[in-house]
Amino acid sequence: MFNKLNARICAGVFWIIVGILFGLGSLKLNIGNPREPGPGLIPLITSVFLICLCLLSMAVNRETLKVPNVKDMVGYPLLIGGSVILYLLLLKYAHFLLSTVLLMLVIFAVFSKGEGGRVYRVIAYATGTAIFSWLIFVVGLGIPFP
Amino acid sequence: MGDDLEFFDNILLGINVGLQPINLAYCFLGVLTGTLIGVLPGLGPSGAIAILLPLSIGIPPASSIILLAGIYYGSMYGGSTTSILVNVPGEAASVITCLDGFQMAREGRAGPALGIAAFGSFIAGTFSLVGLMFLSTPLSMFALAFGPPEYSSMIILGMTLVIYLAQGSILNSMIMAAFGFLLSFVGLDMFTGEERFTVGIPDLVRGVDVIPVVIGLFGVSEVLLSLGVRGERSIVKSRLKNLFPSMQDWKDSWKAVSRGSVVGFLLGLIPGGSTTLASFASYALEKRLSKHPERFGKGAIEGVAGPESANNSAFGGSLIPLLSLGIPPNVVAALLFSALMIQGIQPGPFLIAQHPDVFWGLVISMYVGNCMLLILNLPLIPLWVQVLKVPKNVLFPLILLFCIVGAYGGNSSTFDVGIMMMFGVLGYLMKKFRYEPAPLILGFILGPRLEGSIRQSLTLSDGSFSIFFVRPISITLLAVAILMVLSFLVSKNKIKTRKLERI
């Protein structure tokens with residue numbers, strides 16, 4: 001269904017929502033007046049400007065942007081994004097090394113999709129990368145991971 | 001006489017700073033890392049600087065800017081290598097080099113192509129540094145006359161130019177700039193200390209950090225984009241010989257190098273004038289002026305010499321508004337701006353006076369860096385060819401991991417990594433939907449300054465907006481911005497009219 005929608009309209013609606021949210025947030029602040037501008041004045045003006053630009057763009061830009069493959073466009077990036085978020089949660093409970101191995105297993109698996117003999121390579125790359133990064137960042141540079 | 005002596009004193013200071021062993025080491029590290037990153041397609045210099053920005057936190061300001069500048073112009077050199085040998089640009093500014101550079105490589109002339117790219121870049125880089133040395137101080141003296149209204153107008157003009165020159169839809173670029181401004185308002189208000197748009201999240205009280213945003217937009221988004229690209233690269237197999245251009249090669253290309261140096265420098269000066277624009281403009285100019293334009297695209301050495309000179313020269317030009325006015329004219333300059341701000345140094349008219357070691361140390365180290373690149377790059381080309389063979393499915397996961405560590409390392413905050421991922425996905429979608437990230441970043445970085453200048457101006461004028469129109473410098477800058485917008489509208493109208501007439 002998304003393929004048939006005008007993707008530009010969807011993008012425009014997204015930015016309008018962003019503008020509305022910032023606009024509503026600005027109204028909760030002290031707007032002040034031009035003589036003594038408050039913290040909400042410039043953000044409010046910018047939000048209104050953003051919303052106007054989006055409406056103008058949606059009206060003027062009639063070109064339809066078709067999305068050929070929504071699953072590929074959204075699926076893998078969300079999978080990687082979700083894996084990173086889970087990794088951040090896991091870091092608090094598991095060691096950096098273990099968490100990183102698990103994360104890199106997912107990442108290498110996604111990037112090696114469609115290649116022969118990938119299981120062993122993915123495990124080897126993930127383990128090697130995790131050990132290498134632990135040596136460089138934790139042991140060498142002393143970055144304090146949780 | 002006094003000014004001459006001061007100039008030479010500054011040069012000596014720069015030599016003293018730039019040639020310190022530690023700064024030479026940072027310069028070398030920067031150019032080597034930059035060349036490596038430039039050679040590897042996918043992660044451009046903006047992404048490289050974004051990811052390596054956290055490294056600059058713990059080191060002195062002069063060393064930090066030397067390292068990051070080295071990464072940038074190292075990547076310019078590296079990008080041309082992959083353009084010539086693989087027909088895949090290592091970064092955007094090297095796209096045009098593919099046209100003639102790869103053709104030269106196919107004809108067995110990869111050596112002269114690489115050689116003229118390296119020498120042309122060196123000459124152009126030196127030219128732009130001379131311009132930087134002589135123009136920065138007078139410009140910063142001029143900018144001392146600026147007050148809040150002038151700064152507001154200058155930022156508005158700068159953003160107008162960036163939007164005007166951005167690729168793709170101008171409306172989309174304006175939307176990105178507005179969003180960038182809004183993002184910059186998150187955190188504590190600079191005048192009242194009131195919390196803005198923090199939605200109850202303690203980590204947002206200090207604002208949205210620039211490092212995870214740029215790493216996400218330029219690093220993570222490239223990694224996500226690479227998911228959709230299949231196939232490996234094939235590298236030209238001919239032996240690399242005659243890396244030093246012959247007399248005939250110099251005869252054919254010296255004018256292109258000269259013109260490219262000037263074109264690149266001028267385009268680097270203006271906001272929105274990126275190295276990519278400089279290389280395209282130089283190519284178009286050389287083709288226009290050539291007696292045999294049909295040779296372009298088929299292995300014309302001028303088609304390599306001009307663009308490669310222009311893109312290197314543009315970098316030096318872009319440092320002038322950054323360091324003298326505090327206005328970053330493009331994304332890379334914006335990242336260097338962030339690096340200086342992280343170090344507690346405010347780029348602008350007072351930078352040269354208050355931190356002469358940073359400015360002059362950078363200038364001298366860029367001379368040194370250009371020499372290092374010329375000496376290193378040509379002999380190391382066989383090594384870069386081997387690096388090109390690293391498979392993408394190994395390279396990009398590693399880049400992602402470095403992005404995660406880079407975003408975390410700045411404040412030891414997992415929240416920042418979350419921000420990075422959010423902007424990574426956003427940056428990916430933005431590229432799919434043809435929204436440019438450059439206006440967003442510039443709006444984000446210049447937002448606090450613009451807001452501060454506008455509010456100070458209104459306070460000075462008792463709430464009257466006429467203050468922007470009665471001061472001569474301010475009205476001039478705003479008039480140029482308005483003329484730009486009008487010229488765009490007029491030209492768009494003319495195109496529409498012509499289309500209607502044809503019907």
Side-chain angles (χ1 to χ4, degrees), chain A residues 7-8 10-11 15 18-19 22 25-26 29-30 33-43 46-47 49-50 53-54 56-57 60-61 65 67 72-74 76-78 80-81 84-85 87-89 91-92 100 103-104 107-108 110-112 114-115 125-126 129 133 137 141 143-146, chain B residues 169 171-172 174-175 178-179 181-182 185 189-192 194-197 199 220-221 223-224 226-228 230 392-398 400-402 404-405 408-409 412 414-415 417-418 420-422 424-425 428-430 432-435 447 450-451 454-455 458-459 461-465:
Chain A
R8 287 203 189 283
C10 298
W15 292 118
V18 169
F22 271 97
S26 308
L29 301 167
N30 176 21
N33 53 59
R35 190 173 292 176
E36 282 177 31
L41 179 64
I42 306 294
T46 313
S47 309
F49 184 56
L50 173 64
L53 283 172
C54 293
L56 185 61
S57 172
V60 162
N61 239 335
L65 183 66
V67 178
D72 275 352
M73 193 184 91
V74 174
Y76 289 124
L78 282 181
I80 289 178
V84 171
I85 302 297
Y87 168 72
L88 295 176
L89 294 170
L91 265 181
K92 290 180 184 167
T100 307
L103 173 69
M104 296 316 288
I107 306 292
F108 275 112
V110 170
F111 274 88
S112 304
E115 290 184 15
Y125 287 155
T129 306
S133 57
F137 300 123
L141 294 174
I143 295 176
F145 281 93
Chain B
S169 159
L171 278 172
N172 284 357
M174 289 172 81
I175 288 169
F179 177 58
F181 285 135
L182 286 173
F185 300 145
D189 175 48
M190 66 180 92
F191 289 91
T192 62
E194 203 174 324
E195 279 185 29
R196 297 192 294 186
F197 312 110
V199 289
V220 176
S221 65
V223 172
L224 296 177
S226 73
L227 279 168
R230 296 278 170 236
K392 276 192 300 201
N393 61 353
V394 173
L395 182 64
F396 282 103
L398 284 175
L400 181 63
L401 183 61
F402 289 149
I404 292 169
V405 175
Y408 178 83
S412 299
T414 51
F415 181 77
V417 181
M420 177 204 76
M421 253 350 277
M422 193 178 88
V425 173
Y428 165 79
L429 290 172
M430 276 165 52
K432 288 284 184 188
F433 284 73
R434 298 187 208 149
Y435 286 89
L450 179 62
E451 186 194 12
I454 291 175
R455 285 168 77 175
L458 290 174
T459 304
S461 66
D462 254 356
S464 169
F465 282 88

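Every heavy atom of this structure was used, including side-chain atoms; hydrogens, water molecules and symmetry mates were not.
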Could you measure the distance from the [atom1] atom of [X] to the [atom2] atom of [Y]? Nearest 0.5 Å is fine.
X: A:Leu91; Y: B:Tyr408; atom1: CG; atom2: OH; answer: 7.5 Å
X: A:Asn30; Y: B:Arg196; atom1: CG; atom2: CZ; answer: 11.5 Å
X: A:Phe137; Y: B:Phe402; atom1: CZ; atom2: CZ; answer: 4.5 Å
X: B:Phe179; Y: A:Leu53; atom1: CZ; atom2: CG; answer: 14.0 Å
X: B:Glu451; Y: A:Thr46; atom1: CD; atom2: OG1; answer: 8.0 Å

At their closest point, which heavy atom of [X] faces which heavy atom of [Y], and how far apart are they?
X: B:Asn172; Y: A:Ser57; answer: OD1-OG, 3.7 Å
X: A:Pro77; Y: B:Leu224; answer: CA-CD2, 3.9 Å
X: B:Leu458; Y: A:Pro34; answer: CB-O, 3.3 Å
X: A:Pro43; Y: B:Leu182; answer: O-CD2, 3.7 Å
X: A:Phe22; Y: B:Phe197; answer: O-CE2, 3.3 Å
X: B:Met421; Y: A:Gly81; answer: CE-CA, 3.6 Å

For A:Ser26, give me all partners under side chain to side chain donor-acceptor pair (under 3.5 Å), at least two apart in sequence or on another chain. none
Under the side chain to side chain donor-acceptor pair (under 3.5 Å) test, residues paired with B:Thr459 that sit two or more places apart: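 Listed in chain order: nothing, the list is empty.
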So which of [options] has the biggest tally of heavy-atom pairs under 4.5 Å with chain B?
options: A:Leu29, A:Thr129, A:Ile107; result: A:Leu29
options: A:Pro39, A:Ala126, A:Gly19; result: A:Pro39
options: A:Val18, A:Asn33, A:Ile42, A:Ile85; result: A:Ile42
options: A:Leu78, A:Leu89, A:Leu56; result: A:Leu56

Counting only heavy atoms not in A:Glu36, do more than 12 fall under 6.0 Å of its CD?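 Open: at most 12 neighbouring heavy atoms sit under 6.0 Å from CD of A:Glu36.
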Under 4.5 Å heavy-atom distance to chain A, tell me which part of [X] shows up: side chain, backbone, both or neither.
X: B:Leu400; value: side chain
X: B:Thr414; value: both
X: B:Phe185; value: side chain
X: B:Leu450; value: neither

Taking the side chain as every heavy atom from C-beta outward, state whether [X] and [Y] have any atom pair closer than 4.5 Å.
X: B:Tyr435; Y: A:Trp15; result: yes
X: B:Val417; Y: A:Tyr87; result: no
X: A:Phe111; Y: B:Val223; result: yes

Cut-off 4.5 Å, heavy atoms of chain B, and the answer for A:Leu103 is side chain
Heavy-atom distance under 4.5 Å to chain B: side chain of A:Thr100, backbone, both or neither?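 Just its side chain gets close to chain B.
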Can you tell which of B:Leu398, B:Val199, B:Val394 has the highest number of heavy-atom pairs within less than 4.5 Å of chain A?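 So the answer, after comparing B:Leu398, B:Val199, B:Val394, is B:Val394.
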Contact leader toward chain A among B:Asp462, B:Asp189, B:Ile454, B:Thr192, where contacts are heavy-atom pairs under 4.5 Å: B:Asp462
